[in-house]
Amino acid sequence: AETVTGPYDIIARVEAGSESVSVETLDARKLADVARDIAGSFGKTGRDIQFRDESPDGFGVRANLVLCRIVLRNLFDNALRHAQPGLPIDVRFSSRNEGLAIDITDRGPGIDAELLSHLGTPFLTGNRPAATTGRTGLGLAIARAATVAQGGTIDFRSGACQGTTVALWLPRCRGDE
């Protein structure tokens with residue numbers, strides 16, 4: 001497996017079909033601690049990030065710590081930009097379908113169903129091209145590609161006035177891996 005040289009590199013590698021990256025066994029609780037550290041690095045945003053770690057003790061996942069940091073940073077940045085002022089962002093770690101689920105819910109205005117299927121498309125922010133918003137439109141694309149490169153999945157759920165949940169899933173590591 002190759003070394004990822006930068007966050008943009010991962011999109012090209014996944015699209016080229018060479019998405020294999022080196023993974024190791026990471027303890028889910030350690031990953032939750034990393035997520036807390038990343039959330040803390042955003043400083044005073046006026047929004048609280050609340051964590052619930054429901055992952056079992058000794059639960060290992062197959063992941064790449066560098067890529068997990070990139071994914072979580074992009075997802076927290078996105079959630080903080082879209083959350084309603086005064087409402088917390090919820091982060092939940094739990095075991096689901098033979099893996100670790102990390103659900104990040106922003107409690108923002110929600111996303112139209114038509115747009116949900118386009119989330120993670122490079123250079124698209126909301127329903128407008130990135131060039132018209134002052135943003136790159138790469139955050140969710142990088143998060144999706146980095147998650148897929150680790151053998152995981154990322155899905156989006158949203159409803160009007162209910163906010164958006166990004167559901168990240170990473171495979172569980174078996175004892176012999």
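Because the structure is predicted, anything quoted here is derived from the model rather than measured.
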> Where is the tightest heavy-atom contact between N97 and W169, given as atom of each residue plus distance?
O-CZ2, 3.2 Å
> Can you see which heavy atom on P109 is nearest to which on H82, and at what distance?
CD-O, 3.4 Å
> Measure the CG-CG distance between L168 and D155 for me, rounded to the nearest 0.5 Å.
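Between atom CG of L168 and atom CG of D155 there are 9.5 Å.
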> Considering all heavy atoms of both residues, which atom of A143 and which atom of N74 are nearest to each other, and what is their separation?
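Taking every non-hydrogen atom into account, N-ND2, 4.2 Å.
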> Which residues pass the side chain to side chain donor-acceptor pair (under 3.5 Å) test with R69, sequence neighbours left out?
none
> What are the two closest heavy atoms between L170 and Q150, and how far apart are they?
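In terms of heavy atoms, the two residues are closest at CD2-CB, 4.2 Å.
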> Find the distance between CG (D53) and CZ (R36) and round it off to the nearest 0.5 Å.
6.0 Å
> Is the shortest heavy-atom distance from the side chain of C68 to the side chain of L31 under 4.5 Å?
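They are in contact (side-chain heavy atoms under 4.5 Å apart), so the answer is yes.
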> If the threshold is 4.0 Å, N to carboxylate O, is there a salt bridge linking D33 and K30?
no
> Measuring from I70:CD1 to T147:OG1, what's the distance to the nearest 0.5 Å?
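If we round to the nearest 0.5 Å, I70:CD1 and T147:OG1 are 10.5 Å apart.
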> Within the 4.5 Å heavy-atom criterion, are F76 and I38 side-chain neighbours or not?
yes
> Should L140 and L75 count as side-chain neighbours, where that means a heavy-atom distance under 4.5 Å?
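In contact.
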> In plain terms, say whether R73 and D77 are close enough for a salt bridge, that is, a side-chain N and a carboxylate O under 4.0 Å apart.
no
> Closer than 4.0 angstrom, basic N to acidic O: yes or no for D57 and R29?
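Yes, this pair counts.
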> To the closest 0.5 Å, what do you measure between CG (L100) and CD (E54)?
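Those atoms lie 11.0 Å apart.
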> Show me the side-chain donor-acceptor pairs of residues 159-166 shorter than 3.5 Å, one per line, residues at least two apart or across chains.
| from | atom 1 | to | atom 2 | distance (Å) |
| --- | --- | --- | --- | --- |
| T164 | OG1 | S158 | OG | 2.9 |
| T165 | OG1 | T105 | OG1 | 2.7 |

> Could you check if a side-chain atom of R52 sits within less than 4.5 angstrom of a side-chain atom of R92, using non-hydrogen atoms only?
yes
> Enter the distance from I104:CD1 to I154:CD1 here, rounded to the nearest 0.5 Å.
7.5 Å
> Ignoring hydrogens, what is the shortest heavy-atom contact between G58 and D27? Give both atom names and the distance.
CA-OD1, 3.8 Å
